[in-house]
2 protein chains.
Amino acid sequence: VTDSSASPAVIDLLGVLAYGELSAFDRLSADAALAPSMADRVALSAMATAEFGHFERLSQRLRDLGVEPEAAMAPFVATFDDFHASTTPADWWESLVKAYVGDGIGADFYREVAALLDPQTRDLVLEVCADAGHSAFAVDRIRAAIAADPQVAGRLALWGRRLVGEMLSQAQRVAADRDALTALLIGGMDGQAGMMDLAELGALFARLTDNHAARMRALGLAA
Amino acid sequence: VTDSSASPAVIDLLGVLAYGELSAFDRLSADAALAPSMADRVALSAMATAEFGHFERLSQRLRDLGVEPEAAMAPFVATFDDFHASTTPADWWESLVKAYVGDGIGADFYREVAALLDPQTRDLVLEVCADAGHSAFAVDRIRAAIAADPQVAGRLALWGRRLVGEMLSQAQRVAADRDALTALLIGGMDGQAGMMDLAELGALFARLTDNHAARMRALGLAA
């Protein structure tokens, strides 16, 4: 690990994280309107607020590095907006699955990347990816919904698979567009060796997939 | 001023304030999608987040007084939901005028009531009603919009008058429904003298109206 704090790859990583948090704020605050109770509405609004707090921390770090957050986020706006437009939840349960499964895969991936970076960036990424109670809330609510109506499980399992498919499709688009970020992981763009060889990259995807399957099981859903 | 901290009127006041903040969070986070730029979107999202922080402070105070926030808010949910449903902004400028004019009148009113209460409630109300930069932001953006297209001013002036009309209508509904809150101001419900006589109540409305007219002038709009 070297001091990579102002490298193009780190700017990209902070930018993609920042816009991800800002769009998570949008999504969660909008989905709060779907909540079946005041308590659920408050819980989702609190999560939205926490995501905005993360966005502000990441924006501040970018400014500290001399980069305008808006410029760093710009390359990733279409990716997230397209993802959210193509995966608008039809109801409260789909919004909870999306929050849990989507944030889970994202956080796993960012944590893996963070391990390759300078300590200050790593600590910030770990902080904004920490689970602030989202998971326990989503698991509790979705298990209760399935217990009340077992047919819900089939529909939500399909929804979970569709979310992963859409995320992979957007991730491929980012990987194709953002050389610095891709090179950080698999190297080779500027002649430098990447952080991971192909076997390590395969192992990373296996870990992400395993964790996703574990989350779906926690929800009571087939992965 | 006596220790009124757990009186029905104070519970009502904290309840109406708390639900007002929660619905302001909803409104501002949704209106952020109308923003013409990323900077404006971030600014409105930050305001929404600040409103949610106020909601949490008021909820905690209610719990400290042994009252469930949900129960305290319940009598006011329909009032705010109807107000927001009947005043959905058609565009970004209407949302800014609504945030500025609506929050301004609300904050003026709550501050007047707070002056009649125990110090702890008063300090909390003053804290959540403090202007966290909303006003300067709205004034700056709306004046710029009018400078660019003077015809905007007529439409937004009409919009401001409509907002005040809808707010007065909802306030009358609350006054008719919530005896304790009304008695706090004008007294008489339980044989006690109220805090204000009719002349003082008239002066209160004159102050609210004057402040509203000053806000409209600050926007460059006819009141």
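Per chain, numbering begins at 1; letters A, B, ... match sequence-line order.
Looking at A:Val77, only its side chain comes within 4.5 Å of chain B, counting heavy atoms on both sides. Contacts of A:Ala39 with chain B are made by both backbone and side-chain atoms, with heavy-atom separations under 4.5 Å. When heavy atoms are compared at a cutoff of 4.5 Å, B:Ala46 approaches chain A by way of both its backbone and its side chain. Contacts between A:Ala74 and chain B at a heavy-atom distance below 4.5 Å are absent for every atom of the residue.
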Between chain A and chain B, which N or O donor and acceptor atoms come closer than 3.5 Å?
unit_1: A:Tyr19; atom_1: OH; unit_2: B:Arg41; atom_2: NH1; d: 2.8
unit_1: A:Tyr19; atom_1: OH; unit_2: B:Arg41; atom_2: NH2; d: 3.3
unit_1: A:Asp26; atom_1: OD2; unit_2: B:Arg41; atom_2: NE; d: 3.4
unit_1: A:Asp26; atom_1: OD2; unit_2: B:Arg41; atom_2: NH2; d: 2.6
unit_1: A:Arg41; atom_1: NE; unit_2: B:Asp26; atom_2: OD2; d: 3.4
unit_1: A:Arg41; atom_1: NH1; unit_2: B:Tyr19; atom_2: OH; d: 2.8
unit_1: A:Arg41; atom_1: NH2; unit_2: B:Tyr19; atom_2: OH; d: 3.3
unit_1: A:Arg41; atom_1: NH2; unit_2: B:Asp26; atom_2: OD2; d: 2.7

